[in-house]
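Comments concern the structure below.
Numbered from 1 within each chain, the chains take letters A, B, ... in sequence-line order.
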There are 2 protein chains.
Amino acid sequence: MTVRIEDVARLSGVSTATVSRALRGLPGVGGRTRELVLQAAKTLGYTPSPTASSLASGRTHSIGLIQPDMSRWFFSTILECAEQTFRKAGYDALVYSLPDYLGPKRQRFKARDLVGKVDAVLVLSLFFDKQEEAELRSLGVPAVFVSVRQKGYSHVGINDGQAAAQACRHLITLGHKTIGHLSGQTNDLCPFAPSQRRRDGWKQTLTRFNLECSDSLDEAVTIMTASNGYLATKRLLDRRPDITAIMASSDEMAMGAIQAIRERGLAVGRDISVIGIDGHDLGRPFGLTTVAQPVRKQGVTAAEVALKAIEGDLALKTIIFPTKLIERATVGPPPAGRIR
Amino acid sequence: MTVRIEDVARLSGVSTATVSRALRGLPGVGGRTRELVLQAAKTLGYTPSPTASSLASGRTHSIGLIQPDMSRWFFSTILECAEQTFRKAGYDALVYSLPDYLGPKRQRFKARDLVGKVDAVLVLSLFFDKQEEAELRSLGVPAVFVSVRQKGYSHVGINDGQAAAQACRHLITLGHKTIGHLSGQTNDLCPFAPSQRRRDGWKQTLTRFNLECSDSLDEAVTIMTASNGYLATKRLLDRRPDITAIMASSDEMAMGAIQAIRERGLAVGRDISVIGIDGHDLGRPFGLTTVAQPVRKQGVTAAEVALKAIEGDLALKTIIFPTKLIERATVGPPPAGRIR
DNA sequence: CTGAAAGCGCTTACAG
DNA sequence: CTGAAAGCGCTTACAG
């Protein structure tokens, strides 16, 4: 029904081998011959069958994008930038979501779904255990990890501990002494999770400045959404009404915190300051002070690393981007007459 | 290197044809034989080559997800739900972004990138012209349109005019008489665009209630982002400082409007009310009043319609979901002593 | 219920 | 520089 390589070969009077070479721009084809083939292909409106060429060449020209949930800003932003980078290089983006990756009956990554379908994969914010890492390896293609580290693989991310320290120092500099923290998942399952390191950054900074950093100042959630941040903040304020500032492990959690604070009739940035981490697009209209990470750059860079790996550059790379404090309205000095 | 169907055939002592049938659960395989094959496949850890089976069967088991930009909430949320629905049915999601779809040097959809790679496509919020529609048709697979209508295709969405009317009526009921509007792109290129219909809904409602609806009350943007909403609101308030309420064509624009209003030292919900459309996840912490649409349901439903089409049910469907007013803090009655 | 064989549409040594 | 032919690993009439 559709036009095949043979049709092009016939029209241009050469073999299918030559057509294949000419169309892909391979060397060793006469200038005149190439012209002929290109012309014939154009005339017929020929598009090579991707599955046939994959089967024959062993390359799929598509990349697996494995991540928890693309409806969340951080993931979707990285995915979008990666997709564009891959597309420009002639690769398709095959997304693969693992939404229940933190739940009790945790959904594990299965290589079976991706085997033979991709030339490389990007893994975002997922903590692979031994089993999953074995599955990943069984794919037999290069992988680059974004935002989480996995040893034996290239990694693109930020220094999470440092980002948290940056946020914490900002609050301390303004005079805050009782600083609450909203953590992401920090259990044993993912000791190297960004949320764990952000929590460590908070803790270490408080310690360095001789400030309180007891567990009662920390409230953890599973997934770092606004609504979880909201609930965590209510618990935190119930327990520690003396808090004058909250740093959240993500901007979305910070937004939830703001909601909870306002509901108590307190003024954000006056009664209680709030700072986030991420640099969420909607942080601006929110007036949210935050430590921003270059999300889009990470997406592009991770894709580039994957592309290079496909081309044979298997050297392990670790690319860490700097973060940057963005001062807006949700952080101010602690209230003067606040009861301790 | 990897295990092929022939290996399974040899181990189980049957032909590759039988292995193929047994593994896919096709009828006409003896119970005992099936057992044998399944066992052998398991022992060998056999996974069929997807490209080989695609080439032989003509089916790819993947779906194209064509949309403007998955870094934006509405699209990524639909994509996530669609991906899950497709995955459960054994299909992969191949995302395809067209980020400059509204720019001056507009990027057009090219079938070439997708031909032979998908069994169906979902198209979100894209306005296909004749040329693009022809490209789409040339893919030779069923397509379902989400959030935009395209004649000749199934469609999943909401009644945009009605949603806007709902928002407008809410403001009018509270006593607002001078209601500004933040539009999305409303040019000739996309006369059936949701943003066009939302604008119409605003206009018609004002007319029905004998209120002013001049063009000076409407400010249009290209892409409905928060920052565009912010800029549009500044222009709007410069021109019409007598406005007591703004309805935005999207929640993200509404958030930008809120930012602009606050920057003028005005109180949102008291001096100027703001209502959006969408039901954005972050509308809640924002306290944003909005007309919500069931975004996730649309993603699931669109995927289901596509799946049915693949199975042969080509009947054109139009599925319209109801919207719902969510009252939060950004809307209140107009200020009493406001100078007209 | 099962198998032999053609066929899906390319790519790639290999030979010239 | 070019071509004949094998091969990629399945599926699917067709025959039995």
Side-chain angles (χ1 to χ4, degrees), chain A residues 1-38 40-41 44-62 90 92 112 114-119 140-141, chain B residues 1-38 40-41 44-62 90 92 112 114-119 140-141:
Chain A
M1 52 181 213
T2 50
V3 26
R4 298 145 308 151
I5 197 171
E6 215 191 300
D7 303 315
V8 181
R10 198 176 311 126
L11 181 60
S12 47
V14 297
S15 71
T16 60
T18 299
V19 173
S20 177
R21 291 183 196 111
L23 258 29
R24 284 179 301 148
L26 295 187
V29 179
R32 174 103 191 86
T33 311
R34 192 180 300 266
E35 285 299 305
L36 239 47
V37 172
L38 258 36
L44 297 174
Y46 172 67
T47 305
S49 156
T51 64
S53 103
S54 291
L55 181 58
S57 70
R59 300 189 45 178
T60 63
H61 280 275
S62 64
D92 291 313
R112 165 175 282 271
L114 246 36
V115 63
K117 294 179 182 172
V118 294
D119 293 339
V141 299
Chain B
M1 52 182 214
T2 50
V3 26
R4 298 145 307 151
I5 196 172
E6 214 191 301
D7 303 316
V8 180
R10 199 175 311 126
L11 182 58
S12 46
V14 297
S15 71
T16 59
T18 298
V19 172
S20 177
R21 292 183 197 110
L23 257 30
R24 284 178 301 147
L26 296 187
V29 178
R32 173 104 191 86
T33 310
R34 193 181 299 266
E35 285 300 305
L36 239 47
V37 172
L38 257 37
L44 297 174
Y46 172 67
T47 305
S49 156
T51 65
S53 102
S54 291
L55 181 58
S57 71
R59 300 190 43 178
T60 63
H61 280 274
S62 63
D92 291 313
R112 165 175 280 272
L114 247 35
V115 63
K117 293 178 182 171
V118 294
D119 293 339
V141 300

Q: Would you mind reading off the distance between B/E6 atom CD and D/dT11 atom C1', rounded to a whole angstrom?
A: 15 Å
Q: Please work out if B/T51 contacts a base, only the sugar-phosphate, or nothing of the nucleic acid, heavy-atom cut-off 4.0 Å.
A: nothing
Q) Considering Watson-Crick and G-U wobble pairs with both distances under 3.5 Å, what does C/dA15 pair with? A) D/dT2
Q: Nearest whole angstrom, please: distance from the P of C/dG9 to the CZ of A/R10.
A: 13 Å
Q. Between C/dG9 atom P and B/K117 atom NZ, what is the distance in whole Å?
A. 17 Å
Q. Does A/S20 put a side-chain nitrogen or oxygen below 4.0 Å from OP1 or OP2 of C/dT11?
A. yes
**Q.** Side chain A/T33, main chain A/V29, donor-acceptor under 3.5 Å
**A.** no
Q: Mind calculating the distance between CZ (A/R34) and C1' (D/dT2) to the nearest angstrom?
A: 13 Å
Q) OP1 or OP2 of C/dC8 less than 4.0 angstrom from a side-chain nitrogen or oxygen of B/S57, does that happen here? A) no
Q.
OP1 or OP2 of D/dC10 versus the side-chain N and O atoms of B/R4: is any pair under 4.0 Å?
A. no
Q) D/dG16 and D/dT12: how far apart are their C1' atoms, nearest whole angstrom? A) 16 Å
Q.
Just to verify, what does B/D7 make a salt bridge (Lys or Arg N to Asp or Glu O under 4.0 Å) with, not counting sequence neighbours?
A. B/R4, B/R10
Q) How many Å lie between CZ on B/R32 and P on C/dT2, as a whole number? A) 11 Å
Q.
Taking D/dA5 as the reference, what is the distance to D/dC1 when you measure between their P atoms (whole Å, please)?
A. 23 Å
Q.
Can a donor-acceptor pair be found, under 3.5 Å and without considering hydrogens, that links the side chain of A/S20 to the backbone of A/T16?
A. no
Q) Are A/T16 and C/dG9 close enough that a side-chain N or O sits under 4.0 Å from OP1 or OP2? A) no
Q | Residue mapping more 5' on DNA chain C - nearest nucleotide basis, B/T18 or B/L55 | A | B/T18
Q. Quick one: is C/dG9 close enough that its OP1 or OP2 comes under 4.0 Å of any side-chain N or O from A/S49?
A. no
Q. Roughly how far apart are B/L26 CG and B/T18 OG1, rounded to 0.5 Å?
A. 11.0 Å
Q) So, does B/T60 use its side chain to make a donor-acceptor pair with the main chain of B/G116 at under 3.5 Å? A) no
Q) Out of D/dC10, C/dC10, D/dG3, which nucleotide sits closest to the side chain of A/S53? A) C/dC10
Q) Starting at NE2 of A/H61 and ending at C1' of C/dT11, how long is that distance when rounded to a whole Å? A) 12 Å
Q) What is the distance, rounded to the nearest whole Å, between atom CG of B/L23 and atom P of D/dT12? A) 14 Å
(Q) Quick check: on DNA chain D, is the nucleotide nearest B/R21 upstream (toward 5') of the one nearest B/Y46, or the reverse? Name the residue that is more 5'. (A) B/Y46
Q.
Looking only at the side chains, is there a donor atom on one of B/T51 and B/S54 sitting less than 3.5 Å from an acceptor on the other?
A. no
Q.
Applying a 4.0 Å non-hydrogen cut-off, can you work out what A/G30 is touching in the nucleic acid: base, sugar-phosphate, or nothing?
A. sugar-phosphate
Q. Once you round it to whole Å, what is the distance between P of C/dC1 and CG of B/L36?
A. 16 Å
Q: Choose from D/dA4, C/dT2, D/dT11 the nucleotide whose nearest atom is closest to any side-chain atom of A/S15.
A: D/dA4
Q) Any side-chain N or O of B/R24 less than 4.0 Å from the OP1 or OP2 oxygen of D/dT12? A) yes
